[in-house]
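Structure record follows, encoded as structure tokens.
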Amino acid sequence: SGKSRLARWCHEMSSRKGGRFEAIDLSNVPETLQLAEMTGWKKGAFTDAVQDTPGAIARAEGGTLFIDEIDKLSFKAQAGLLHILEERKYRPLGERGIERDANVRFLIGTNTDLQAAVRAQRFREDLYYRIHVLPVKVPPLCERRDEIVPWARYMLQRRHNKTPSASIRPDAEALLQEQPW
């Protein structure tokens, strides 16, 4: 759907564009490590923590953190994220000191109907209202068929930037547009 490209564009157009853009896709993070991936951890905080590791929040300091697939966040991690969003502070796993400031802009993405997830008690209602501040619906590609060929050309040029003669044949473009994106 282009959520991460839209998030990156929002970052590049914002007052935080001088800071880093960091993205975390929660569908690729085990539930037990979700909050730690965001906050980081200290050496020895758990069995495999062999060194201090900054989390996504620290890596995005002064910039933007895009959290994709928020619907995959465990209930326990949802409570932790809610605290971070409300207090704008966090503590890396295993750190005993004071909380650190979360100086980042949070952008949240999902393909799931979060209101339905709240009704089904799979997503915290208080977190839903905390992140549902300025919702942007990105229609699926099947509803934006006029963008398919330009996207394909862009991706081809990005992949073959040193080969300007790379192109997509018209019959291949037609085939791309016929797909049920």
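- With a 6.0 Å radius and a threshold of 12 heavy atoms from other residues, nucleotides or ligands, Lys89 has its NZ atom above the threshold.
- In the hydrophobic cluster analysis, where Ile, Leu, Val, Met, Phe, Trp and Tyr join through side-chain heavy atoms closer than 4.5 angstrom, Phe66 is grouped apart from Ile24.
- Nearest heavy-atom pair, Leu85 versus Phe106, reported as atom, atom and distance to 0.1 Å: CD2-CD1, 3.5 Å.
- By the 30° and 60° cut-offs, the orientation of the rings of Trp151 relative to Tyr154 is perpendicular.
- Heavy-atom contacts from other residues, nucleotides or ligands closer than 6.0 Å to CD of Gln121 number 12 or fewer.
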Quiz prompt | Trace of the salt bridge (charged side-chain N to carboxylate O under 4.0 Å, His left out) decision for Arg88 with Asp101 | solution = CA-CA 6 Å; Arg88 306 300 290 183; Asp101 290 332; over 6 Å; no
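- In plain terms, the two heavy atoms of Val136 and Leu6 that are nearest each other are CG1-CD2, 4.0 Å.
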Practice problem: Would you check, one step at a time, whether the test salt bridge (charged side-chain N to carboxylate O under 4.0 Å, His left out) holds for Arg153 with Glu173? | Solution: CA-CA 9 Å; Arg153 289 177 184 154; Glu173 289 178 354; 2.9 Å; yes
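- Between Phe21 and His11, the ring-plane angle classifies as tilted under the 30° and 60° cut-offs.
- Arg105 is linked by a side chain to side chain donor-acceptor pair (under 3.5 Å) to Ser14, counting only residues two or more places apart in sequence or in another chain.
- Counting non-hydrogen atoms of neighbouring residues, nucleotides and ligands closer than 6.0 angstrom, the CD atom of Glu125 reaches no more than 12 such neighbours.
- With Arg91 contributing its side chain and Arg96 its backbone, the two residues share no donor-acceptor pair below 3.5 Å.
- Exactly one residue among Glu143, Arg144, Arg145 makes a side chain to side chain contact (heavy atoms under 4.5 Å, CB included) with Leu141. That residue is Arg144.
- Trp41 pairs in a side-chain hydrogen bond (donor to acceptor under 3.5 Å, both in side chains) with only one of the listed residues (Asp52, Asp48, Thr53), which is Thr53.
- Looking only at atom types and distance, the side chain of Gln78 has no donor-acceptor partner in the side chain of His83 under 3.5 Å away.
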